[in-house]
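To start, the structure itself, in structure tokens.
Throughout, numbering of the chain's residues begins at 1 and tracks the sequence. All values derive from a computational prediction rather than experimental measurement.
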Amino acid sequence: MNGFAWGGFAVNLAWAAAAALAVMLVTFAVAVRKGVHRIVDVAWGIAFAAVAVVSCAASAGDGDAGRRVLVTALTAVWGLRLAVHIGRRGRGHGEDPRYEKLLAKVPGSADLYALRMVYLLQGGLVWLVSLPVQAAQYIPSPMTGFAVAGAVLWAVGLVFEAGGDAQLARFKADPANKGRLMTRGLWSWTRHPNYFGDFCVWWGLFLIACDSAAAAAVSVVSPLAMSLLLTRGSGKALLERHMSERPGYAAYAARTSGFFPRPPRKRT
């Protein structure tokens, strides 16, 4: 199918798994030493960057050089920006309440439980979600309009994700906003600009893999899985259960899109 380098891609699946596992194991060792497992969230973006770089190196001679550089650069920029943002946000804080709750009633070693249910699980998700990044490296034909469209969609996603994070960080830095909801800027168009941005990033990377029907077929599970995580799993749904008790949230939710951006409804 379209000259897709099946042999190289099959080997790359193992290399990608090893890269994701290495990042998670190193992070686990650091977390145990520090006694704080929240740093696994920093490793999420780093693991994607590591998979992209390893795949780019492994695919030399198999895939189109321009596409390999493009998909690696886009993934690394997204992953490292996210890692830096989460690292800065968590600096000086203790354990994340999510992990405290998860590990509070664990029989036996909480660290070993965290290794199985947090680090290894996230490593597996990195491997799965990164399939378009891996597959795109093994397409030998030159880039087409799919790659251009994918890069544009990725850029839209990064603007929403990074822009939303920056706006929220500035809002929270002002002591006068303590206990208040962020409802301005991108947050007036969607209640989750960062999650919508993530959604666009991964559908954009998938479009780059669509230059080959074979690559698209083996990697479509990635954006579908990410979309479910963002809307039904640990993203939008989980955050909104937490935020629903905040004063003013019901009115904010009534006038603001839950995911896809649109102008806010007028107040009645």
Side-chain angles (χ1 to χ4, degrees), residues 8-59 71-72 74-87 89-90 95-96 98-103 106 108-138 161 194-195 198-199 201-202 205-206 209 215 218-235 238:
F9 175 67
V11 173
N12 193 90
L13 293 174
W15 280 113
L21 179 62
V23 171
M24 290 300 167
L25 290 179
V26 169
T27 305
F28 173 72
V30 173
V32 170
R33 184 173 180 177
K34 290 181 172 291
V36 178
H37 287 292
R38 73 182 303 149
I39 63 174
V40 70
D41 295 337
V42 177
W44 174 254
I46 295 173
F48 279 106
V51 166
V53 170
V54 166
S55 297
C56 186
S59 62
V71 76
T72 300
L74 297 186
T75 306
V77 167
W78 171 81
L80 295 179
R81 187 218 70 88
L82 182 62
V84 170
H85 169 70
I86 292 176
R89 187 179 64 187
E95 186 61 279
D96 188 299
R98 295 172 301 158
Y99 299 128
E100 281 186 335
K101 184 178 180 179
L102 175 67
L103 302 175
V106 171
S109 171
D111 287 336
L112 290 180
Y113 184 85
L115 175 63
R116 296 193 308 272
M117 302 305 297
V118 179
Y119 294 85
L120 296 183
L121 179 59
Q122 288 204 24
L125 283 173
V126 167
W127 179 86
L128 177 69
V129 172
S130 67
L131 284 176
V133 178
Q134 299 178 55
Q137 313 267 8
Y138 289 89
E161 185 173 358
N194 46 357
Y195 294 151
D198 238 358
F199 172 91
V201 162
W202 284 100
L205 291 170
F206 169 71
V218 299
S219 61
V220 67
V221 66
S222 161
L224 291 174
M226 183 60 90
S227 298
L228 285 174
L229 285 172
L230 291 170
T231 59
R232 303 294 182 185
S234 59
L238 181 63

Any pair with a residue in residues 25-37 that passes side-chain hydrogen bond (donor to acceptor under 3.5 Å, both in side chains), sequence neighbours left out, goes on the list, sorted by first then second residue, please. His37-Asp111, His37-Tyr119
Pairs where residues 38-56 contributes a residue and the test side-chain hydrogen bond (donor to acceptor under 3.5 Å, both in side chains) is met, not counting sequence neighbours: Asn12-Ser55, Asp41-Arg98, Asp41-Tyr99
On a heavy-atom basis, which atom in [X] and which in [Y] lie closest, and how many Å separate them?
X      : Y      : answer
Val218 : Val221 : O-CG1, 4.3 Å
Pro223 : Ser219 : CD-O, 3.3 Å
Trp127 : Ala17  : CD1-N, 3.4 Å
Val23  : Ala50  : CG2-CB, 3.9 Å
Ala16  : Gln134 : CB-OE1, 3.2 Å
Phe48  : Thr75  : O-CG2, 3.7 Å

Between Leu228 and Leu224, does a side-chain contact (heavy atoms from CB on, under 4.5 Å) hold up when you go through it step by step? CA-CA 6 Å; Leu228 285 174; Leu224 291 174; 5.8 Å; no
Sidechain-backbone polar pair: Trp202 side chain, Val129 backbone, donor-acceptor under 3.5 Å: no
So, does Ser109 use its side chain to make a donor-acceptor pair with the main chain of Leu112 at under 3.5 Å? yes
Nearest 0.5 angstrom please: [X] [atom1] to [Y] [atom2], how far?
X      : Y      : atom1 : atom2 : result
Ile39  : Asp96  : CD1   : CG    : 12.5 Å
Leu25  : Leu21  : CG    : CG    : 4.0 Å
Leu121 : Leu115 : CG    : CG    : 11.0 Å

Taking C-beta and beyond as the side chain, do [X] and [Y] meet within less than 4.5 Å on heavy atoms?
X      : Y      : result
Met24  : Leu120 : no
Thr72  : Gln137 : yes
Leu102 : Tyr113 : yes

Can you sort out the partners of Ser222 under side chain to side chain donor-acceptor pair (under 3.5 Å), two or more places apart, ordered by chain and number? none
Qualifying residues under ring-ring contact (aromatic ring centres under 6.0 Å, His included), relative to Phe206, sequence neighbours excluded: Trp203
Going through the checks in order, is the side-chain contact (heavy atoms from CB on, under 4.5 Å) test met by Leu131 and Leu13? CA-CA 8 Å; Leu131 284 176; Leu13 293 174; 3.7 Å; yes
Would you please test Met226 and Leu125 for side-chain contact (heavy atoms from CB on, under 4.5 Å) and show each step? CA-CA 9 Å; Met226 183 60 90; Leu125 283 173; over 6 Å; no
Derivation and outcome, side-chain contact (heavy atoms from CB on, under 4.5 Å), residues Val118 and Phe28: CA-CA 10 Å; Val118 179; Phe28 173 72; over 6 Å; no
With sequence neighbours left out, write down each residue that passes salt bridge (Lys or Arg N to Asp or Glu O under 4.0 Å) with Asp198, or none if nothing qualifies. none
Give me each pair satisfying salt bridge (Lys or Arg N to Asp or Glu O under 4.0 Å) with a member in residues 75-85, each pair once, sequence neighbours excluded. Arg81-Glu161, Arg81-Asp165
